[in-house]
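When a ligand or atom number is given, it counts from 1 through the structure's own listing order. The figures that follow rest on heavy atoms only: side chains count, while hydrogens, waters and symmetry mates do not.
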Amino acid sequence: MRYDVVTIFPEYLEPLRLSLLGKAQESGLVQLNLHNLRDFAFDRHKTVDDTPYGGGAGMVMKAEPWGLALDSILNSALSNQPAVTADAEPHDARPLLIVPSPAGKVFNQAKAYELAEQEHHIVFAPARYEGIDERVLNWAEDHFRVMPVSLGDYVLYGGEVAVMAMIEAVTRLIPGAMGNPESLDEESHTGGLLEYPVYTKPSVWREREVPAVLLSGNHAAIARWRRDQQIERTFARRFDMIETYPEDGWDKKDRKL
Ligand SMILES: COc1cccc(COC(=O)c2cn[nH]c2)c1
């Protein structure tokens with residue numbers, strides 16, 4: 001997977017290099033390219049924002065620097081593109097352009113799985129200020145599959161935090177990018193339920209004991225207890241997940257929220 005991020009704060013994304021991505025990057029599974037938007041602002045003051053047409057508070061990110069930054073990513077992608085064979089099926093070779101925005105569709109684990117399985121090159125355009133001149137997103141439609149995505153119903157100073165969250169959520173689902181792939185199938189939101197509580201040594205801590213079933217060695221009872229905990233927690237904390245659960249039954253293992 002290749003990620004390109006265009007931002008006025010590339011240093012914001014540096015921690016991704018240290019964390020899980022570090023190993024995935026070394027193994028060549030993941031490539032993270034950071035682009036400073038200011039490198040594409042060619043006026044004397046490297047201006048990336050200006051006042052909004054129609055008035056109102058705040059500033060809007062200018063179109064030209066974004067256009068040039070995205071051009072340069074497209075050019076580098078084209079030079080790395082595998083040759084198209086004559087009988088190749090016509091397919092949509094446009095890279096995905098994700099624009100974190102409060103006005104986007106809400107990101108979730110199902111979307112993370114979908115991106116990890118289906119995408120090979122994702123470009124992120126985290127905005128600052130009040131957003132990006134809309135004409136950039138309109139122009140981009142001809143060269144990218146443009147996808148506004150919200151991390152949740154709140155407003156951030158910029159989309160960089162949302163990009164970090166999405167890159168982490170997607171990368172850990174790429175086979176081999178995660179230390180211990182087995183732990184994927186029991187985590188929260190797989191099977192449409194929240195995760196059960198976990199415990200480790202010591203068996204008594206500040207007079208609190210580990211649930212006895214977990215020490216019993218009875219694997220069927222342990223599995224049942226864990227499932228009950230998942231259902232209990234989901235009802236208590238995320239009833240919305242219950243309501244949206246499809247009628248096709250509770251035991252679909254591969255359902256990913
Ligand atoms: C594209 O336009 C804007 C405007 C304002 C802020 C931002 C940054 O993203 C968010 O605030 C966000 C992302 N998911 N939830 C909140 C983008």
Side-chain angles (χ1 to χ4, degrees), residues 3-16 19 21 32-41 46-74 94-116 119 121-173 188-189 238 240-241 244 256-257:
Y3 298 121
D4 285 280
V5 186
V6 179
T7 166
I8 59 172
F9 293 131
E11 66 278 13
Y12 218 106
L13 282 289
E14 280 309 319
L16 279 181
S19 70
L21 281 184
L32 173 64
N33 305 317
L34 303 178
H35 310 269
N36 189 329
L37 184 66
R38 287 195 195 285
D39 294 345
F40 299 92
K46 291 186 173 292
T47 316
V48 294
D49 63 313
D50 204 335
T51 52
Y53 277 123
M59 301 291 270
V60 172
M61 300 190 96
K62 291 172 65 64
E64 185 59 358
W66 280 101
L68 294 172
L70 294 174
D71 283 343
S72 95
I73 291 169
L74 285 169
R94 296 176 298 167
L96 185 63
L97 176 65
I98 292 185
V99 184
S101 164
K105 279 182 72 174
V106 181
F107 186 73
N108 61 21
Q109 191 70 356
K111 178 54 80 177
Y113 269 107
E114 188 187 303
L115 296 179
E119 301 299 331
H121 183 195
I122 304 178
V123 184
F124 290 93
R128 287 260 150 180
Y129 310 107
E130 302 312 308
I132 303 171
D133 186 311
E134 192 64 19
R135 290 168 292 182
V136 174
L137 306 187
N138 182 272
W139 163 81
E141 292 283 355
D142 295 341
H143 310 276
F144 298 89
R145 287 169 288 127
V146 180
M147 183 191 286
V149 176
S150 166
L151 209 51
D153 295 334
Y154 39 79
V155 182
L156 303 166
Y157 279 119
E160 284 79 7
V161 165
V163 170
M164 292 178 78
M166 287 188 250
I167 288 183
E168 196 164 307
V170 171
T171 301
R172 62 189 297 280
L173 298 176
S188 270
H189 298 282
R238 289 295 308 275
D240 60 294
M241 283 170 65
T244 53
K256 297 151 189 159
L257 265 186

S.K.: For Asp142, look at atom CG and say whether over 12 heavy atoms of other residues, nucleotides or ligands are found less than 6.0 Å away.
M.R.: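 Result for CG/Asp142: enclosed.
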S.K.: Counting only heavy atoms not in Tyr12, do more than 12 fall under 6.0 Å of its OH?
M.R.: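 Check fails, neighbour count at 12 or below.
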S.K.: What residues form a side-chain hydrogen bond (donor to acceptor under 3.5 Å, both in side chains) with Arg128, not counting sequence neighbours?
M.R.: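 Arg128 satisfies side-chain hydrogen bond (donor to acceptor under 3.5 Å, both in side chains) with Glu160 once adjacent residues are dropped.
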S.K.: Taking side-chain contact (heavy atoms from CB on, under 4.5 Å) as the definition, give me every residue that meets it alongside Leu96, ordered by chain and number, with sequence neighbours left out.
M.R.: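 For Leu96 the side-chain contact (heavy atoms from CB on, under 4.5 Å) partners, ignoring immediate neighbours, are Ile98, Leu115, Glu119, Ile122, Arg145, Met147.
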S.K.: Once side-chain contact (heavy atoms from CB on, under 4.5 Å) is applied, do any residues pair with Pro10, and if so which ones, sequence neighbours excluded?
M.R.: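 By the side-chain contact (heavy atoms from CB on, under 4.5 Å) rule, Pro10 matches Thr7, Leu34, Asn36.
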S.K.: Let's go through Leu68 and Glu64 carefully: what are the C-alpha distance in whole Å and the side-chain angles of both, what is the deciding distance for side chain to side chain contact (heavy atoms under 4.5 Å, CB included) to 0.1 Å, and is it a yes or a no?
M.R.: CA-CA 6 Å; Leu68 294 172; Glu64 185 59 358; 3.6 Å; yes
S.K.: Can you name the residues that come within less than 4.0 Å of ligand 1, going by heavy atoms only?
M.R.: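 Ligand 1 is contacted, at a heavy-atom distance under 4.0 Å, by Pro100, Ser101, Pro102, Ala127, Tyr129, Glu130, Gly131, Ser150, Leu151, Gly152, Tyr154, Val155, Leu156, Gly158, Gly159.
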